[in-house]
Amino acid sequence: MTAVRQDAWSAEDDLILAEVTLRHIREGSTQLAAFEEVGEKIGRTSAACGFRWNSCVRKSYEGAIGIAKGQRQKRSYLKKQPSVRGAQVAGLILGDTDEEFGRGEGLSENTLSIDAVIRFLRQWKGTIHEAGRQLKMLERDLREKEDELTELRSENERLSKEVNLAQSDYRVVNDDYKALIQIMDRARRLAFLNEEEEEMKTRFKMDGNGNLERIE
């Protein structure tokens, strides 16, 4: 998988990232190898997995990381021990009885391993619980945003109708105004012509020869 997806990380993606990375730490592998494995599983690039681990997920697994590093050191130490010692530890891992390999130090390692697993599982449970709580908060916020968006859409629709009505009223008023201006203009021209006619009648008269004579 080489494409970088832009969708948000899910809680399941974070758990896969944490599980694989912790396993690689325990086994003495590199985190880069872990990120590449996770990327193939969830369809993201190794760079995206590394960024997610260092910026967000790692903070929730500090205790588990310490346990994994301790187990890695123990693995490294046991590899340097005699073969009998390795067989004893292998028996503990495979679930063989204490009587077969003898009690004492082997039982102590088994108890330590169980305690480490219990601590890890408790921390993991707390992480899952916190992720669930955050998911519920996100779902609640999403519902609130959806309700707010619905209200905004309704308000936008109402305002759009009011704007359309206002535009229609404006066009009607504008047409009436133009008609009134035309009427007033015609009335003004008629009044001016009437005044000129009256002035002509008042100031001039025709003499006996048919000529207009101005009256002072």
Side-chain angles (χ1 to χ4, degrees), residues 1-21 35-61 125-216:
M1 298 295 207
T2 58
V4 181
R5 304 186 312 186
Q6 298 300 323
D7 52 318
W9 283 73
S10 65
E12 183 179 358
D13 291 342
D14 287 342
L15 289 176
I16 293 174
L17 176 60
E19 179 183 356
V20 174
T21 304
F35 300 152
E36 291 177 350
E37 180 180 341
V38 174
E40 292 180 356
K41 286 186 175 182
I42 65 177
R44 298 180 186 271
T45 64
S46 59
C49 296
F51 180 80
R52 180 67 177 179
W53 170 258
N54 292 316
S55 64
C56 182
V57 179
R58 182 187 181 93
K59 302 174 185 177
S60 302
Y61 290 90
K125 180 179 179 181
T127 302
I128 294 176
H129 177 74
E130 178 64 19
R133 186 181 67 84
Q134 293 181 358
L135 179 60
K136 290 181 179 179
M137 292 177 61
L138 291 174
E139 290 176 346
R140 183 191 62 191
D141 293 341
L142 179 59
R143 287 193 297 269
E144 292 177 355
K145 295 299 182 182
E146 288 177 345
D147 293 340
E148 183 179 352
L149 180 59
T150 301
E151 293 178 358
L152 290 175
R153 285 175 176 172
S154 178
E155 181 69 12
N156 181 64
E157 184 177 356
R158 183 183 65 81
L159 292 175
S160 296
K161 291 180 179 179
E162 291 183 358
V163 169
N164 291 333
L165 290 174
Q167 289 177 344
S168 299
D169 293 341
Y170 170 77
R171 286 192 294 269
V172 171
V173 172
N174 189 51
D175 292 342
D176 292 344
Y177 173 76
K178 290 180 179 179
L180 179 61
I181 293 298
Q182 291 175 356
I183 293 172
M184 293 177 64
D185 187 57
R186 286 197 298 270
R188 186 176 65 253
R189 289 199 299 269
L190 290 173
F192 180 74
L193 291 174
N194 290 334
E195 288 178 359
E196 285 186 345
E197 290 178 357
E198 289 296 329
E199 185 177 356
M200 290 291 294
K201 292 178 181 179
T202 303
R203 295 184 179 182
F204 295 90
K205 71 176 181 177
M206 188 175 293
D207 59 11
N209 296 323
N211 298 320
L212 288 176
E213 181 180 355
R214 184 172 181 177
I215 300 174
E216 297 296 336

Exercise answer: donor-acceptor pairs, residues 172-185 side-chain atoms, under 3.5 Å, sequence neighbours excluded:
| residue | atom | partner | partner atom | Å |
| --- | --- | --- | --- | --- |
| D185 | OD1 | R188 | NH2 | 2.3 |
| D185 | OD2 | R189 | NH1 | 2.1 |

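The two residues A8 and R44 make their nearest non-hydrogen contact at O-NH2, 3.5 Å. When every heavy atom of A18 is checked against every heavy atom of V57, the shortest pair comes out as CB-CG1, 4.1 Å. Across all their heavy atoms, I16 and V38 have their closest contact at O-CG2, 4.1 Å.
The shortest side-chain heavy-atom distance between L159 and E162 falls under the 4.5 Å cut-off.
In terms of the salt bridge (Lys or Arg N to Asp or Glu O under 4.0 Å) criterion, residue partners of E155 (sequence neighbours excluded) are, by chain and number, R158. Every salt bridge (Lys or Arg N to Asp or Glu O under 4.0 Å) that E37 has, sequence neighbours left out, goes to R23, K41. Every residue two or more places apart in sequence or in another chain that forms a side chain to side chain contact (heavy atoms under 4.5 Å, CB included) with S10 is listed here: E12, D13. A search for side-chain hydrogen bond (donor to acceptor under 3.5 Å, both in side chains) contacts involving S160 returns nothing, not counting sequence neighbours. In terms of the side chain to side chain contact (heavy atoms under 4.5 Å, CB included) criterion, residue partners of L15 (sequence neighbours excluded) are, by chain and number, Y61, W124, I128. With sequence neighbours excluded, the residues that form a side chain to side chain contact (heavy atoms under 4.5 Å, CB included) with E130 are R133, Q134. The side chain to side chain contact (heavy atoms under 4.5 Å, CB included) search around E146 returns L142, not counting sequence neighbours.
Judged purely by atom type and a 3.5 angstrom limit, S168 uses its side chain to pair as donor or acceptor with the backbone of N164.
Legend: side-chain hydrogen bond (donor to acceptor under 3.5 Å, both in side chains) pairs involving residues 49-60, not counting sequence neighbours, sorted by first then second residue: D14-R52.
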(message) Let's go through K125 and H129 carefully: what are the C-alpha distance in whole Å and the side-chain angles of both, what is the deciding distance for side-chain contact (heavy atoms from CB on, under 4.5 Å) to 0.1 Å, and is it a yes or a no?
(response) CA-CA 6 Å; K125 180 179 179 181; H129 177 74; 5.6 Å; no

(request) Step by step, work out the side-chain contact (heavy atoms from CB on, under 4.5 Å) result for E144 and D147. (result) CA-CA 5 Å; E144 292 177 355; D147 293 340; 5.6 Å; no

(message) Does V20 form a side-chain contact (heavy atoms from CB on, under 4.5 Å) with F35? I'd like the steps, not just the answer.
(response) CA-CA 8 Å; V20 174; F35 300 152; over 6 Å; no

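For the atom pair NZ (K145) and CG (L152), the distance works out to 10.0 Å, reported to the nearest 0.5 Å. Note that NZ of K161 is 4.5 Å distant from CD of E157, once rounded to the nearest 0.5 Å.
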